[in-house]
Amino acid sequence: MASKEGAAGQAFAPVLAAVATMQGNVSRSEKTHAHEFLEKFQKSIEAWTITHELLQSPDVPVEAKLFGATTLKGKIVFDLDQLPQESVVALRDSVLNLLVAYAAGPRPIQTQLCVCLASLAIQMLEWKDVLVTVGSALGSSAGDCVLEFLKILPEEVTEGRKINLSEEDLITRTKELLEDNADQVMHLLIQYSQSSPTASTNPRLLDCITSWMREIPAAKIVDSPLMDVIMKALDDDASFEAAVDSVCTLYRDTREVDDSLPVIQALYPRIMALRPKIVETSESEDTDAFKGVTRLFAEAGEAWVVLIARLPNEFRGLVEAVLECSARDWERDAISLTFIFWYELKQYVTLERYNDARLAFSDIFSRLVDIMVKHLEYPRPEDDESDLFGGDREAEEKFRHFRHAMGDVLKDCCAVIGVTECLSKSYQLIQQWVSKYASQASNEHVPNWQELEAPLFSLRAMGREVDPEEDTVLAQVIPLIVQIPNQEKVRFQAIMALARYTEWTAQHPETLEAQLNYVISGFQHSSQEVIQASALAFKFLGTDCQKLLGGHIAQLHSFYESVLDKLKPSSQEEVTEGVAAVVAVQPLDKIYETMKMFCDPIMARIMNLANNAKDEEGQRAVADHLQLITIFVQVVQPYVGPNVENPAVKYCGEILSIMTTIVMNFTTSTPILERVCRCWRYMIISYRTAMIPLLPTLAQSMASGFEASREGCFLWATDAVVREFSEGAELVDHSTSSAVFQFYEQQAISFLRILNDLPPEQLPDVIEDFFRLSSDAVRYYPKECISSSLAVPIFSAALSALTLQQVEPLIATLHYYRDLFSFAFDKPIVSQFTSPEGKVYVNPPEVQEAVKQLIASQGQLLAQRVLTGMMFIFPGDCFADASGVLMTMFELMPQETGAWLQSTLQMLPAGTMKPGEAERLLKGVADKVQSGETRKIRVLLQDFTNSYRRRNVAPRDGLGRLEATRFRFSG
């Protein structure tokens, strides 16, 4: 016996050592080595025996036992086929024995063993008396362990898709394990609750009840003694949270209110009887209990909201309870639980048919506005006002996020009771502050500023709901805002509020000057936040009031030059957008000189910065200023008739050579190159055919830049040229279109040379940009692309790209294949091409045949790359496109693709597929091809590759936990 125990210990010693390494204070390389060892161990056949030995040994640390139980769970879910069929019953019995041994804990191990048993129950189709077997094995003394198994069984059955059962078997097994056992389980739960004096204080009983609510209808629970257990549990601290989960799960089964009316009528008074708990838990400062009570009322409201709208008088108490929870949430921890309810209620009561409910609840929504605005107030620290959150940055960030969510609730209130009433409340609060404290306020000290800042924030939050025609409150509140004192947070909020109402300002020009002066003076503030708010507000004033400001170009230019160099890049962009919007509305004969007035000083800055850009920071400054030129190009788009020079293009012609020089001087600076390419791209998008005179120069600059820098942004800019100047595009002649395709080929040759010099792993961005460009080239120049001498090299380059593991380049490459393959059909869906007469493009037979020949010559390697990519390396986001490529190949060449698929499967490592798995896949594919259901092949491929990957590639559970600190185990 001693020798056997020694042998067992020797067998799992390496596992124990690796587990200890994962938890120990050792080097990263040692942990990586241990992780790899354990990952390989989890998928091995030996793991079946060693996990049992770990769990049975009295001397193994509890953390290692948990790892063993977790590994055993993975083996049962993914690797059951590793065992002979006759051993599965013995495995079940051994798991039952282990569960008996751990019936008293530790609970994490017990839970994993219950999952093991549940997973076996799902897969052992011949095991019909699951509950009887488990109950008999555990006995009456292991009540909590039985409850744990009963709780887990429905959860695992619901997650049954991860187990490799056919859809039919899974449906049958689900019925056998859940539906057919529901009455028996309910009887057991009632029996336990009546026999155990502590039933209502046992959260595991409640968790079990909740889990089986998937199968046991709410009506049965509510009419049974279990309902009393649940309600009584709400009075016990230990079981309170589990009881809340049970009640809220009941609600979900009553959402079809017409079918559930008797249940709701039984539940409603019991829930309303809990209303005193709102006061009780809020005053006890037990935040978790208060959140639980808030959930009880808010989720009831969500579930029954349509009834509330139909019967506002009968359900008013529930709405008032949710309002009371909102009002009493001093810590602002629970109020977010009510937000969905207020939104859902708003959605109903604003419908015409529920107008009575809107009127009935208008007073509640009115009080809700008051509550929300009060909650918007910043905290009031007793001593240090410079740090409102006592240094807790997480609390500060949470508060900021929370305020914006409450702003959405204020919008809901506007929809119910009208913007005038809501705005009036904010206005009155501002007025109250002004009347009480304005005389005491100075730039250095603003008393009780929180009471002023909160209503300002609420004004800003409600702005989206306010019509620019509003003529009651804003005319009073806007003049008041521009007198707000200079305290940082108050000034910030005042300026942000003005920014929200610039559309209103455009229709009330008499208020513009005061607002503009207030915003411009904000640029002199000592706070960066206020300056940034001023830049944003100026952007919206310029954009929305561009016509009102059109005659003030000289003053705007003076202001722009005075502030530009003092701003952060993001604020420079916002101010530039505001200015550019005003430039855009200048008369056509003034556009060129106005654009030159603003842009020439920026170009001078760019050249000066470029001459001194010796480091990354200097290059970033050049890039940031190039972005300002791009903004003018994006915004200033004058309408010019045919054969008339576009003044904006005239200016672009003046700066094109400077930009090209900058590109060739900074071929290793990604920020500069990307910003230049962005500017060039928008020149094409903004001015389209007006750019034709500059096109040869621009194309040469893009080609030279790409060849010198090997940066994908030049391909991204090229893509705009390909799309805008394709054959058949309006006002584009054949010679221009042909030159553009030759330009694409020039860029493609450069790309292929680069890919020949460097491995794909070093070029993910370039690969992404090239294949996005190539997709568009195929769409707009199908015949030229397919007949090009570059068609085969580009196809082969895409095969190399499929060895990558990053999402974006893979998706771009797969999209290229899908777009290319679509031209093997009569009517390619992706073609955007129409003839000059407006006829939809019809794909010539020679193009279709050329694509098929391309697939025939390269298809075997493509099928191999795509299938193995799905099985081993592709991120999940690529699966839809990858399976789409294979599905199209099956549509075009079913026999050949089937053979390529078979040869790929034969290359897989021995033992990684279940017996007969490859044959089932190939037969399923052949059947779908035979019946013409090629689109269903996608599902077969995805199911197969997902299953293979989970078993052989994806990490199993348990390893991540080992890297964290040691668990605390409870019995």
Side-chain angles (χ1 to χ4, degrees), residues 28 32 35-36 39 667-671 673-675 677-678 681 705-706 709-720 722 747-748 750-779 793-821 830 858 861-889 904 908 938 941-942 944-946 948-950 952-955 959-960:
R28 180 172 291 278
T32 301
H35 192 286
E36 290 171 355
E39 199 171 62
T667 53
T668 60
S669 175
T670 300
L673 298 178
E674 285 184 345
R675 290 301 172 86
C677 286
R678 194 169 195 273
R681 184 172 181 270
F706 180 49
S709 70
R710 299 184 168 188
E711 288 281 352
C713 54
F714 291 94
L715 302 175
W716 178 61
T718 301
D719 197 7
V722 167
Q747 297 290 64
S750 297
F751 168 77
L752 293 170
R753 285 177 183 153
I754 294 167
L755 193 61
N756 191 52
D757 293 342
L758 296 170
E761 295 76 30
Q762 295 183 28
L763 300 166
D765 294 339
V766 180
I767 286 172
E768 178 190 345
D769 288 321
F770 178 73
F771 285 107
R772 291 197 189 285
L773 166 63
S774 294
S775 281
D776 276 338
V778 167
R779 287 170 179 240
I794 291 171
F795 194 105
S796 299
L799 290 173
S800 299
L802 292 180
T803 60
L804 293 172
Q805 297 182 33
Q806 296 101 315
V807 172
E808 295 303 329
L810 280 172
I811 286 181
T813 306
L814 292 166
H815 281 184
Y816 158 73
Y817 277 129
R818 298 189 73 180
D819 290 346
L820 176 66
F821 292 177
V830 300
Q858 306 274 333
L861 187 52
L862 176 59
Q864 181 187 319
R865 286 275 163 87
V866 173
L867 186 63
T868 54
M870 291 174 70
M871 295 168 77
F872 291 101
I873 62 169
F874 286 177
D877 289 347
C878 300
F879 276 38
D881 287 308
S883 58
V885 168
L886 290 174
M887 185 183 71
T888 305
M889 292 172 71
T904 301
L908 295 172
R938 166 180 276 181
L941 291 169
Q942 289 187 345
F944 168 75
T945 52
N946 281 332
Y948 184 92
R949 192 168 184 149
R950 280 197 300 264
N952 299 295
V953 182
L959 291 179

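Side-chain contact between Gln806 and Ile767 is absent, with no heavy-atom pair separated by less than 4.5 Å. Leu763 has its side chain out of reach of Phe751: every pair of non-hydrogen atoms, C-beta onward, lies at least 4.5 Å apart. A heavy-atom distance below 4.5 Å is not found between the side chains of Thr945 and Phe874. Gln747 has its side chain out of reach of Phe770: every pair of non-hydrogen atoms, C-beta onward, lies at least 4.5 Å apart.
Checked against side chain to side chain contact (heavy atoms under 4.5 Å, CB included), Met887 has the following partners two or more places apart in sequence or in another chain: Glu891, Arg935, Arg938. Residues satisfying the side chain to side chain donor-acceptor pair (under 3.5 Å) test with Ser750, not counting sequence neighbours, are none. For Asp757, the side chain to side chain donor-acceptor pair (under 3.5 Å) criterion is met by Arg710, not counting sequence neighbours. For the salt bridge (Lys or Arg N to Asp or Glu O under 4.0 Å) test, no residue two or more places apart in sequence or in another chain qualifies with Glu674. Judged as a side chain to side chain contact (heavy atoms under 4.5 Å, CB included), and not counting sequence neighbours, the contacts of Thr888 are Phe821, Phe825, Leu892. Taking the ring pair (Phe, Tyr, Trp, His ring centres under 6.0 Å) definition, one finds that Tyr948 meets it with Phe872, sequence neighbours left out. Listed by chain and number, the residues in a side chain to side chain contact (heavy atoms under 4.5 Å, CB included) with Pro875 are Val807, Leu810, Cys878 (sequence neighbours excluded). Partners of Phe714 by ring pair (Phe, Tyr, Trp, His ring centres under 6.0 Å), not counting sequence neighbours: none found.
Residues in residues 865-884 take part in these salt bridge (Lys or Arg N to Asp or Glu O under 4.0 Å) pairs, two or more places apart or across chains: Arg818-Asp881. Sorted by first then second residue, the salt bridge (Lys or Arg N to Asp or Glu O under 4.0 Å) pairs that include residues 793-805, not counting sequence neighbours, number zero. Counting only residues at least two apart or in different chains, salt bridge (Lys or Arg N to Asp or Glu O under 4.0 Å) contacts with residues 806-816 comprise Arg772-Glu808.
Note: Asp765 CG to Glu711 CD = 8.0 Å, rounded to the nearest 0.5 Å. Taking CG of Leu715 as the start and CZ of Phe771 as the end, the distance is 10.5 Å to the nearest 0.5 Å. Atom-to-atom distance recorded for Arg779:CZ and Asp776:CG is 6.0 Å, nearest 0.5 angstrom. How far CD1 of Ile754 is from CD of Gln762: 12.0 Å, rounded to the nearest 0.5 Å.
The two residues Ser775 and Tyr816 come nearest to each other via the heavy atoms OG-CA, 3.1 Å. Residue Leu673 comes nearest to Thr667 through the heavy atom pair CD1-O, 3.5 Å, listed as atom of the first residue, atom of the second, then distance. Heavy atoms only, all atoms of each residue included: Arg949 and Ile873 are closest at NH2-C, 3.6 Å. Scanning all heavy atoms of the two residues, the minimum distance from Ala720 to Arg681 falls at CB-CG, 3.7 Å. The minimum heavy-atom distance between Phe944 and Met871, with the atom names listed, is CE2-CE, 3.7 Å.
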When the side chains of residues 794-805 are checked against the rest of the protein, which donor-acceptor pairs come out under 3.5 Å, sequence neighbours left out?
| from | atom 1 | to | atom 2 | distance (Å) |
| --- | --- | --- | --- | --- |
| Ser796 | OG | Val792 | O | 3.1 |
| Thr803 | OG1 | Ser800 | O | 2.6 |

Let's go through Tyr817 and Val866 carefully: what are the C-alpha distance in whole Å and the side-chain angles of both, what is the deciding distance for side-chain contact (heavy atoms from CB on, under 4.5 Å) to 0.1 Å, and is it a yes or a no? CA-CA 11 Å; Tyr817 277 129; Val866 173; 5.8 Å; no
